Amino acid sequence: MSRLWAESWRIGLGADRVEALRLRPFTRAQVAAQASASVQGGPAPLADRVAAALGLALAEAGAGRGQARVVLSNDLVHYAVLPWPAGIT
(Lines give C-alpha, C1' and ligand atoms only; values in the text may rest on other atoms or scores of the structure.)
Protein backbone atom coordinates (compact mmCIF):
# COMPACT_ATOMS: atom_id res chain seq x y z
CA MET A 1 0.00 0.00 0.00
CA SER A 2 1.30 3.43 -0.91
CA ARG A 3 1.78 5.94 1.90
CA LEU A 4 -0.36 8.31 -0.17
CA TRP A 5 -3.32 5.97 0.34
CA ALA A 6 -2.80 5.71 4.10
CA GLU A 7 -5.73 6.79 6.20
CA SER A 8 -5.38 9.84 8.35
CA TRP A 9 -6.90 9.93 11.84
CA ARG A 10 -7.70 12.76 14.23
CA ILE A 11 -8.21 11.53 17.78
CA GLY A 12 -9.27 13.51 20.82
CA LEU A 13 -8.77 11.97 24.26
CA GLY A 14 -10.58 13.39 27.26
CA ALA A 15 -11.36 12.29 30.79
CA ASP A 16 -15.01 11.65 29.92
CA ARG A 17 -15.09 11.00 26.16
CA VAL A 18 -12.95 9.88 23.20
CA GLU A 19 -13.52 11.13 19.63
CA ALA A 20 -12.08 9.55 16.47
CA LEU A 21 -12.29 10.90 12.91
CA ARG A 22 -11.07 8.95 9.88
CA LEU A 23 -10.25 11.26 6.97
CA ARG A 24 -10.35 10.28 3.31
CA PRO A 25 -7.02 9.74 1.51
CA PHE A 26 -5.74 12.67 -0.56
CA THR A 27 -8.39 15.10 0.72
CA ARG A 28 -7.34 15.25 4.39
CA ALA A 29 -10.44 17.33 5.06
CA GLN A 30 -13.37 15.07 4.22
CA VAL A 31 -14.51 12.86 7.06
CA ALA A 32 -14.89 9.22 6.01
CA ALA A 33 -16.02 7.97 9.42
CA GLN A 34 -16.62 9.41 12.85
CA ALA A 35 -17.10 7.75 16.23
CA SER A 36 -17.09 8.59 19.90
CA ALA A 37 -17.15 6.57 23.10
CA SER A 38 -17.75 7.56 26.70
CA VAL A 39 -15.08 6.83 29.28
CA GLN A 40 -16.65 4.55 31.88
CA GLY A 41 -16.21 5.22 35.58
CA GLY A 42 -14.74 2.65 37.89
CA PRO A 43 -11.78 1.68 40.03
CA ALA A 44 -9.40 1.22 37.08
CA PRO A 45 -6.84 3.98 36.44
CA LEU A 46 -8.06 6.79 34.16
CA ALA A 47 -5.49 5.95 31.47
CA ASP A 48 -6.79 2.37 31.25
CA ARG A 49 -10.41 3.54 30.99
CA VAL A 50 -9.50 6.06 28.25
CA ALA A 51 -7.59 3.37 26.34
CA ALA A 52 -10.64 1.07 26.49
CA ALA A 53 -12.88 3.86 25.18
CA LEU A 54 -10.36 4.59 22.40
CA GLY A 55 -10.50 0.95 21.32
CA LEU A 56 -14.29 1.13 21.10
CA ALA A 57 -14.25 4.38 19.11
CA LEU A 58 -11.63 3.10 16.65
CA ALA A 59 -13.51 -0.16 16.14
CA GLU A 60 -16.72 1.76 15.48
CA ALA A 61 -14.98 4.04 12.96
CA GLY A 62 -13.38 1.09 11.14
CA ALA A 63 -9.76 1.46 12.21
CA GLY A 64 -7.03 0.50 9.81
CA ARG A 65 -3.47 1.50 9.11
CA GLY A 66 -2.60 5.13 8.83
CA GLN A 67 -1.30 8.21 10.54
CA ALA A 68 -2.88 9.60 13.69
CA ARG A 69 -2.77 13.00 15.33
CA VAL A 70 -3.83 12.89 18.96
CA VAL A 71 -5.01 15.76 21.16
CA LEU A 72 -4.89 15.18 24.92
CA SER A 73 -7.17 16.86 27.41
CA ASN A 74 -5.57 18.73 30.30
CA ASP A 75 -7.09 16.08 32.58
CA LEU A 76 -4.68 13.52 31.12
CA VAL A 77 -1.50 15.64 31.23
CA HIS A 78 0.73 16.37 34.21
CA TYR A 79 2.71 19.60 34.25
CA ALA A 80 5.86 20.33 36.22
CA VAL A 81 7.14 23.81 36.99
CA LEU A 82 10.90 23.79 37.30
CA PRO A 83 13.09 26.55 38.73
CA TRP A 84 14.98 28.60 36.17
CA PRO A 85 18.69 27.61 36.10
CA ALA A 86 20.93 30.54 37.05
CA GLY A 87 23.50 29.70 34.36
CA ILE A 88 21.08 30.25 31.47
CA THR A 89 20.62 33.81 30.24
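Every value quoted in this text rests on a predicted model; they were computed, and no experiment measured them. Positions are given from 1, in the same order as the sequence printed here. Because only heavy atoms are used, hydrogens play no part in the values below, and waters and symmetry mates are left out as well, while side chains stay in.
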Looking only at heavy atoms, which two atoms of [X] and [Y] are closest? And how far apart?
X: Trp9; Y: Ala20; result: CZ3-CB, 4.2 Å
X: Gly14; Y: Val39; result: O-CG2, 3.8 Å
X: Ala57; Y: Val18; result: CB-CG1, 4.2 Å

Checklist entry - How far does CZ of Arg69 sit from CD1 of Ile11, to the nearest 0.5 angstrom? => result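 If we round to the nearest 0.5 Å, Arg69:CZ and Ile11:CD1 are 12.0 Å apart.
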Checklist entry - Atom CG in Leu23, atom CD in Gln34: separation rounded to 0.5 Å? => result 10.0 Å
Item to check | Arg22 side chain to Ala33 backbone, donor-acceptor under 3.5 Å | outcome: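 Judged by distance alone, no pair lies under 3.5 Å.
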Find out if a path of hydrophobic residues (ILVMFWY) with successive side-chain heavy-atom gaps under 4.5 Å connects [X] to [Y].
X: Val31; Y: Leu58; value: no
X: Leu56; Y: Val50; value: no
X: Tyr79; Y: Leu46; value: yes

Checklist entry - Taking only residues two or more places apart in sequence, or in another chain, which ones meet Arg49 in a salt bridge (Lys or Arg N to Asp or Glu O under 4.0 Å)? => result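 Checked Arg49 against salt bridge (Lys or Arg N to Asp or Glu O under 4.0 Å); zero matches.
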Checklist entry - How would you list, by chain and number, every residue that makes a salt bridge (Lys or Arg N to Asp or Glu O under 4.0 Å) with Arg17, sequence neighbours excluded? => result Glu19
Next on the checklist: If the test is side chain to side chain contact (heavy atoms under 4.5 Å, CB included), which one of Leu72, Asp75, Val77 qualifies with Leu13?
Outcome noted: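 Among Leu72, Asp75, Val77, the one meeting side chain to side chain contact (heavy atoms under 4.5 Å, CB included) with Leu13 is Leu72.
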